[in-house]
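Below is one structure; the comments refer to it alone.
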Protein chains: 2
Amino acid sequence: MSQQRHGSTPGEAGGVPAFPDLPEATIARLPEYLRALHHLAETGAETVSSEGLAAAAGVNSAKLRKDLSHLGSYGTRGVGYDVALLVAQIEFILGLDENRAVCLVGVGNLGHALAGYAGFASRGFRVVALFDADPNKVGEQINGLNVQHIDDLRRVAAEESITIGVIATPPGTAQMVADALVAAGVTSILNFAPGVLSVPANVDVRKVDLAIELQILSFHEHRKASLTSLPGGRSAAADNQEAVGS
Amino acid sequence: MSQQRHGSTPGEAGGVPAFPDLPEATIARLPEYLRALHHLAETGAETVSSEGLAAAAGVNSAKLRKDLSHLGSYGTRGVGYDVALLVAQIEFILGLDENRAVCLVGVGNLGHALAGYAGFASRGFRVVALFDADPNKVGEQINGLNVQHIDDLRRVAAEESITIGVIATPPGTAQMVADALVAAGVTSILNFAPGVLSVPANVDVRKVDLAIELQILSFHEHRKASLTSLPGGRSAAADNQEAVGS
DNA sequence: AGGCGCTTGTGAAGGCGTGCACAAATCGCG
DNA sequence: CGCGATTTGTGCACGCCTTCACAAGCGCCT
Ligand SMILES: NC(=O)c1ccc[n+]([C@@H]2O[C@H](COP(=O)([O-])OP(=O)(O)OC[C@H]3O[C@@H](n4cnc5c(N)ncnc54)[C@H](O)[C@@H]3O)[C@@H](O)[C@H]2O)c1
Ligand SMILES: NC(=O)c1ccc[n+]([C@@H]2O[C@H](COP(=O)([O-])OP(=O)(O)OC[C@H]3O[C@@H](n4cnc5c(N)ncnc54)[C@H](O)[C@@H]3O)[C@@H](O)[C@H]2O)c1
């Protein structure tokens, strides 16, 4: 999904096994495990079984075990995983202990909501700067942060050691903004503008496109509707439980 | 990813090949092709080669051809694909010609931005209702739509034939809202609240979690940082081009 | 101390997705 | 009318991911 780079292992010299080299599919699930673990920790659980954690994260338990085994897992047979320990492990692997600095470009409709979102801070990130090109927006105060002009991006990024940038500008300017981010030293981009970004090979891009998500859902709606000729009516054959709830 | 259901092919009776039964990976890319095609159509192109379209969509051309071949493709060897025809085909497959009705639950920070987003309407969807539980929000007018109380969901959903619901409420109430949506007949849910939803097997859920996206990026940052001991500096070895730009 | 139940970690198999490489098809031109 | 250039559609091989099934390990209870 999205535009990833990550070839296979580069010809790593024989020394320290610098990094576990986890499968992409696994690292994409770690954040979900982490969220579930935090939730469990709040309820006072000291340990979890792979079954329990898997249910809380919405995955197969075998998959979970294999995922955790990849990072040289700390589990105890017959008991389960130590919640606190696992949280620390995953946070380290994801690099969340570094509390990375993030900047947001484009403080419009969406950007405004993102700038005020508490979920960033609570999950390992600091939004340290907001940028916009509109002179009317520059100077505006949002959630304790000043909106700055996009031309200051390079300077501010250097000052604050920003490595992650979020793009929330109109599609037409997204590539321009991406170029500016890259020039400012950003090496990871989260893009909300529809369209494909072109970036150097050392820069990672992840894309969030709402319309695409809806269109995928629409396809399945279409498919379901075309099967109404079959029996079965609309009985809700619920099969999974263990809702995370609050 | 996310929580999908879609087992393999159910024991379909011998009759009409009701639906192409496309691979999930393919249908996840169709929307991107569609966006690229619309862009091409605006520039006046009548046909595209697989190479051209693939570049515009940011994928391998072989993959694109295989994807299109799955839907009994309309391409001409030696020429390429007819843009208008392909647009119509993909829109039909995705069910976008039905202009599906969508409702949004939770008109807070994020919900407000979503409610005002023009990208829904322009890409095949009608946002026909907004719901919230907060009496202060009910009655508010956003983008020509009235915010209604969540208790009216069932009635309105029936009246407007709503099949897709978007959840933008706090995590603690997301499951409750999902249950309400399902009870109201919604069979596809796009969820912005972190956490796992439990729904009947006939309901599709897709999840958008910003923090997860950032954490995946963070991992790669962490990995990159751990490789600074290697040569290579920061030369930007750009390898892909064909930016979509405006 | 020994046995029993529980849970992890993993070997192996199967399925899915990707990308190469090429045959088949079509167009345009001489 | 035939030929070459071009581009699609796909057979095939490879690798990744998922899932089952089970041996190995751990703690508790007797
Ligand atoms: N609003 C939504 O709910 C929503 C949902 C999904 C995707 N998106 C996408 O997110 C992007 C932003 O949407 P929006 O509704 O917030 O649009 P918007 O027009 O409200 O905001 C865009 C902001 O970007 C700023 N901007 C424009 N060019 C810029 C530049 N070169 N540098 C810095 N800032 C610049 C503008 O001044 C404006 O403040 C769009 O690409 C849209 O397609 C929006
Ligand atoms: N704000 C963001 O940028 C952002 C980004 C990513 C994810 N999210 C997630 O999206 C969700 C909403 O975020 P937000 O910032 O808009 O929160 P918010 O608190 O601003 O808005 C939540 C809204 O939901 C309404 N609500 C609460 N319970 C309800 C119920 N049972 N039925 C109907 N409406 C109900 C509230 O009245 C409120 O208007 C959260 O789960 C958040 O984690 C937000």
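Scope of the values below: all heavy atoms of this structure, side chains included, with no hydrogens, waters or symmetry mates. In what follows, every chain begins at residue 1, and chains take the letters A, B, ... in the order their sequences are listed.
If you measure from atom CG of B/L64 to atom C1' of D/dT8, you get 11 Å, rounded to the nearest angstrom. Distance CG (A/L71) to P (C/dT8): 14 Å, rounded to an integer number of Å. Rounded to whole angstrom, the span from the CG atom of A/L30 across to the P atom of D/dC17 amounts to 13 Å. Summarising the geometry, the separation between NE2 on B/H70 and C1' on D/dG11 is reported as 12 Å, rounded to the nearest angstrom. At whole-Å resolution of the value, CD in B/E24 and P in C/dC16 are 12 Å apart. Protein atom CZ of A/R29 is 12 Å distant from nucleotide atom C1' of D/dT19, rounded to whole Å. For the pair A/L68 CG and C/dT10 P, the interatomic distance rounds to 11 Å; values are reported in whole Å. Atom C1' of nucleotide D/dC17 and atom CG of A/D67 are separated by 10 Å, given to the nearest angstrom.
The pair B/R35-B/E32 counts as a salt bridge, with a side-chain nitrogen and a carboxylate oxygen less than 4.0 angstrom apart.
Residue A/N60 places none of its side-chain N or O atoms closer than 4.0 Å to OP1 or OP2 of D/dC17. Residue A/Y81 has no polar side-chain atom (N or O) positioned under 4.0 Å from OP1 or OP2 of D/dC26. Not one side-chain nitrogen or oxygen of A/R65 sits closer than 4.0 Å to the OP1 or OP2 atom of D/dA21. Between A/S50 and C/dT7 there is no side-chain N or O to OP1 or OP2 distance below 4.0 Å.
Evaluation of the ring-ring contact (aromatic ring centres under 6.0 Å, His included) rule for A/F125 yields no partner, not counting sequence neighbours. With sequence neighbours excluded, the residues forming a side chain to side chain contact (heavy atoms under 4.5 Å, CB included) with B/Y117 are A/P194, B/F120, listed by chain and number. For B/Y74, there are no ring-ring contact (aromatic ring centres under 6.0 Å, His included) partners at least two apart in sequence or on another chain. By the side chain to side chain donor-acceptor pair (under 3.5 Å) test, B/N99 is found to be paired with B/R126, residues two or more places apart in sequence or in another chain being considered. With sequence neighbours left out, the side chain to side chain contact (heavy atoms under 4.5 Å, CB included) criterion links B/E98 to A/H222, B/R100.
The residue among A/R77 and A/K66 whose nearest nucleotide of DNA chain C is located toward the 5' end is A/R77.
Checking C/dC27, D/dT18, C/dG19 against every side-chain atom of B/K63, the shortest atom distance belongs to C/dG19.
Under the 3.5 Å distance criterion, with hydrogens and angles disregarded, no donor-acceptor pair is assigned to the side chains of B/D204 and B/S188.
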Taking only nitrogen or oxygen atoms into account, show me every contact under 3.5 Å that the protein makes with nucleotides 1-5 of chain C, one pair per line with its distance.
none

